[in-house]
Q: 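Below you'll find the structure I mean.
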Amino acid sequence: MGRTIILEENLIPSITKFLSPNAYVIGLILGQSTGQKDYVVHLARTPRPAKEDIEEEVIEANPFGDKEKKSYEKPITSIKDLEENWVADHAKHVTRMLPGGMWVLGIFTGGPSDPFDDSGDRSRVRSALLQIRDHFMKHSYLHGDGPSTEKIALHFNSVTKKFVGRTVDLSVPSASFRPAELKIHSFPTKWHHLECHMGFDQWFPLPQSSSVKPLKRLIMDILGNLSQDIESAQCLIEGEPRDKADLVEGIGEKEEDEETRGTSRRKKGSTSSPRSSPTKKNTLPLEVNLFLPCNKTESGGEVLMIDCCGEVRLVGVLACRVFLHQKATVEEAEKAVKADIIRSLYSRLEMHWDSLIEEEQGCPEDRLTLHEPPRKVFVSLPAWDGKVELLDYIFPGEDAAEFAVMHRSSEEDLLNRGKGNSPLDCSHNVLVNTVRGVLSSGEEQVGSDNRHMTRVANAESNFSLLLVVSVAIAFLAVAAVWISWGDSNKRQ
Amino acid sequence: MSPRIKLSKNILQRLRKLQDPSVGCLHGIIYKGEVFVLGFTVEHRFKESEKLRFSNGNNSSEITNVGAIGLTFPTEVDVVGVVRWYENDIEGGADDKMENLLQDISVTDNPLILKCRIGDPDSLKAECLISEVFTDTPFEIVTESELLESFILVRLKASLPLHSEFTPEHVRNSVENLRRKLSSGLSAFHFPKPSIFLTSSDFEKGVKGPGLTGEDMTVKELYNACFDDSPKKKKRASKDFDLLPVKLMLRPTRDRFSLEKNACAPVIQHQKGIIILNLRWIKYNHYCYNNNKILSIPRCVISPTGNFKCLQMNLPLDTLSLVHRDTKASHLYSILVESICNQLKFSKESILYQMDKSKSHGSMKCPSQPLPYHFFPSACGHFITLLYPSEIPDSELESERRALHRRLDLPEIVPLFRRNNRSIFQEDWPPNSPLINPHETLGPSGVQGGEMALVQGIYTYHHYMQDKMDDNGWGCAYRSLQTIISWFRFQGYTEKPIPTHQEIQKCLVDIGDKPHTFVGTKQWIGSTEVSFVLDSMLGVQSRIISVSSGEELETKGSELVHHFQMQGTPIMIGGGVLAHTILGVHFNSESGELKFLILDPHYTGGEDINIIQSKGWCGWKTMKFWDKTAYYNLCLPQRPYCI
């Protein structure tokens, strides 16, 4: 049995609107993968790097590749023009913006002829998928590679106006593209919404032997330990331990039944009619808490006295929100939350160090350095009526207004969020939507420079305590990606 | 309302045994108006100064030494009153020493006072302080089995990482921070089967678990839920409390309703190449993003010279709490938190004590891990938990132990608190290892009247074919010797491992008893060889009794009763081709009836208590058991006097 790809009708324009009679559109399929099903939440067209970036990149990658350079200046007229590098790079950046439990599921193409009919095209698509996977393998903390080894290739034929879905199993060296069933839904699937606030308060002495290592390496070591800890954690959802095979679906409702008080925490019966699903405002996400076992025995009875030359402290709260398909199990939910924490911490640290290059060594006089990685902000996907959010990162010093502008201009780049049918205001609202809460501190930060948003945030907090809480979350982030995707491209 | 006073049978006997005019603390559990008094500690002996001159030297620090090994009772056993032993008539009211102790009692407003005249068992009387007045109060006596029915022992095990700069001040702060973290609601307790979590929010909402509701769930129900699925294991002996094991978990996530006001996204603070002399939490003005935020981060006073040393170890926790079965399970949360915090406090003191000691010796030695040990000396009748630094051997802790024996008024001639005296919990005992005390669940001997005397304490049953060693047909005396050595181990007399057949043979060669060709053979050994090995390996002397025939054993009844009463060690008996272990005798001197409790090392099967008992591998034997024609030698090991 082949895989089933579930696609929302209103995602289709993100392919079709870019079509021109002779050119191809290429992009990434983002979503959730479970069992034999793939739920698509977003189609992100792969932007073509700005011209000067390409030149440098090409020179770097292929100093004699003059011929290829020219091909970038033309529209992509053939799948063979597809550069695996773009797609793989795009996949990396996009993955940073995905909540845990969502992955790059594959590649979509749109154009006049089917890539699956041509062996050259097929191998092109396949090698792009392989390159994406290889990249994820190298950066395991990104949790980029989904649970299925089968990846999607989806094509929209601009002549026949038809979709063709195929999957290919990358774990089998010569596997061919197999047909997949494509289900196009006209109404949005319901998504379960879970959240978690991960607190860090860790002190790490730096042994003298480590003094030769750059701080970035040390931090990655620390991240490795944290990652192990988090993997070993047990989860409580809404305060209770759950069976791994239980469905997330049942969780909110039982409490609802028990709760006779007026303040319903989860709306029940929403499953029966997805269209009338409750608005976000009166639904709190399910709360997930992690519990770490305290039985470390790896160093056993060893007592160490270490000569140290410094210390690192990691403090703060990382907000995490994940979205899960309707039939998700508790196990999937737990994995998603854990992956979200590590992916987000890793992404923001990477972005921070990418932005630092020169400062990293710091001034030798500076004995105490405070590193502020970018913070997370949540971005609603218009196609889902705000019920699914991706995320983004803003750097310290960037205020929300700036962010709004960047956000708008970069829409076309990474995610193509609602371009064309979303005027500035709309994207602005999306942003407001996302920034209204942040953590309490974040709220103020956004507010101080942007009266509009402050107003919204305040209005909502007055409106309903629940709302503020539902929205309370965090951030950090990434301006570098937005400002200069090309730049970061260069460095890689 | 005056509380109902319940004295354990054990404490009653102990109270009557003390011989010096003294004052002490009473330790017990208060549950719903009932005070269960389980134990006492002697805080002051009025004749102390005279006495001490007779015992050996350096006594001034005895009490503080006990502090270094952290004497603790199970959590929930608190100081509930004071006890006073009078040399002459019992006096009314309280003297200064008693007042001092009474002032420290915080667990109840109605502390209890027991008064007792030395040498007069009936003089014991109880008073209760009600509205500043000493009021005579009746007391009841509870038996051991009643206590076992009323209480459950909850055992928490965990290991917490400790990183700290290597100065006393930092160690103190680090442990304090750990305690603060654990008591701030981030702890949770996990009962692995069937996965029940006890979290800080359960205090209001009750305990959660699959299929469990329960605002009113009691500890008893929790225990049943944890052990319902698995068939109840036969308890080793009825003297054991039901044990509920629990694991500590730590929540790194924050509750959405209780996010700290100044919570910010993760930041990294990097400090390099300096020595930090002073790490303090202060309000630090930091420009966080666009806002002038107050961020609480450690401020360091720095000195330009060099670097610092960091101490890194895992602090093992192993706590006991003695909880009434009807206690609400949700209340267990705070009990467990208290048990951790309490043990952490003593761990900290142990580390600081070691640092202080090594400093006074002029070296900067690494302190070792304080390891928790639980003891249940039968003379004491309750659990005691001590923390011993892993690197300090028992031999260097003698003065601490002596002080402890004195505080608990326990005999100073037997070891009770060496590491090997620790209480063995079923969960710690690996499956398929030799059985502990298989005789304990046997029925009566069948002898009417007379005196029964059994082995005292714990041993393990060693028999043919264990340790992948095929000694069928020749190893019985070796196995009997192993059983005896196991007894000396469990009683704390030795830390030497149980020797293998080859090691036993080598020992006999080394002392010149056997030629060197003896090692590796399948030759038998007898009672005298057993006594040689005990002497050579453990320094234990033995008495040898010889009888010319099995029948003659009949005349040794009272001698054997006396041995088990005074020494309580297992006896090895060899005669003809067989060796056995005698664990006890039941002797009626009037009728002359005599039975022997035999542990038979010739058993070749697996560690199955039911087979061993039903087939008589461990059981009561009559005189007919012995061969009338054989000559027998008995080896009666004698306890050394030590502490």
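Each chain gets a letter, A, B and so on, in the order the sequences are listed, and its residues count up from 1.
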Q: Under a 4.5 Å heavy-atom cut-off, does chain A meet the side chain of B:Ser368, its backbone, both or neither?
A: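 Only the backbone of B:Ser368 comes within 4.5 Å of chain A.
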Q: With a 4.0 Å cut-off, would you call B:Arg155 and B:Asp428 a salt bridge?
A: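 Yes, charged N to carboxylate O under 4.0 Å.
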Q: Tell me, please, which residues at least two apart from B:Phe191 pass ring-ring contact (aromatic ring centres under 6.0 Å, His included).
A: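 Counting only residues at least two positions away or on another chain, B:Phe191 forms no ring-ring contact (aromatic ring centres under 6.0 Å, His included).
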Q: Examine whether an atom of A:Leu349 lies under 4.5 Å from a heavy atom of chain B, and if so say whether it belongs to the side chain, the backbone or both; otherwise answer neither.
A: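 Answer is side chain: those atoms of A:Leu349 sit under 4.5 Å from chain B.
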Q: By a 4.5 Å heavy-atom criterion (distance strictly below it), what part of B:Pro252 contacts chain A: side chain, backbone, both, or neither?
A: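 For B:Pro252, the contact with chain A is made by backbone and side chain together.
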Q: Whether the side chain of A:Gln234 engages the backbone of A:Leu290 through a donor-acceptor N/O pair (distance < 3.5 Å, no angle test) should be reported.
A: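 The answer is no, because no donor-acceptor pair under 3.5 Å joins these two groups.
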Q: Less than 4.5 Å to any heavy atom of chain B: does that hold for the side chain of A:Ile219, its backbone, both, or neither?
A: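 Looking at A:Ile219, just its side chain touches chain B.
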Q: Relative to each other, are the rings of B:Tyr388 and B:Tyr373 parallel, tilted or perpendicular (30° and 60° limits)?
A: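 Geometry flag for B:Tyr373 against B:Tyr388: tilted rings.
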Q: Please classify the contact of B:Pro367 with chain A as side chain, backbone, both or neither, using a heavy-atom distance under 4.5 Å.
A: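 Only the backbone of B:Pro367 comes within 4.5 Å of chain A.
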Q: Using a cut-off of under 4.5 Å on heavy-atom pairs, state which of A:Ile230, A:Ile306, A:Ile341, A:Ile222 scores highest against chain B.
A: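 Ranked by contacts with chain B, first place is A:Ile306.
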Q: For A:Leu236, is it the side chain, the backbone, both, or neither that has a heavy atom closer than 4.5 Å to a heavy atom of chain B?
A: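 Just the side chain, heavy atoms under 4.5 Å.
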Q: Which heavy-atom pair separates B:His270 from A:Leu206 by the least distance, and what is that distance?
A: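 Scanning both residues, the minimum pair turns out to be NE2-CD1, 3.5 Å.
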Q: What option among A:Ala233, A:Pro205, A:Gly316 has the most heavy-atom pairs under 4.5 Å with chain B?
A: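 Option with the top pair count is A:Gly316.
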Q: Is there a side-chain contact between B:Val246 and B:Lys157 (heavy atoms, below 4.5 Å)?
A: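 When only atoms from C-beta onward are counted, B:Lys157 and B:Val246 do not touch, as no gap falls below 4.5 Å.
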Q: What is the ring orientation for B:Phe197 with A:Phe291, classed by angle as parallel under 30°, tilted 30 to 60°, or perpendicular over 60°?
A: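 If you compare the ring of B:Phe197 with that of A:Phe291, the planes turn out tilted.
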Q: Please determine, among A:Val312, A:Leu314, A:Asn289, A:Asp307, the option with the most heavy-atom pairs under 4.5 Å with chain B.
A: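 Among A:Val312, A:Leu314, A:Asn289, A:Asp307, the one with the most close pairs to chain B is A:Asn289.
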Q: Is it the backbone or the side chain of B:Ser174 that comes under 4.5 Å from a heavy atom of chain A, or both, or neither?
A: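 Contact with chain A is absent: no heavy atom of B:Ser174 under 4.5 Å.
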Q: If you measure from the Lys or Arg side-chain nitrogens to the Asp or Glu carboxylate oxygens, is any gap between A:Lys244 and A:Glu334 under 4.0 Å?
A: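 Result for this pair is yes, salt bridge flagged.
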Q: Under a 4.5 Å cutoff for heavy-atom pairs, which residue among B:Ile268, B:Leu250, B:Leu186, B:Leu160 has the most contacts with chain A?
A: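 That would be B:Ile268.
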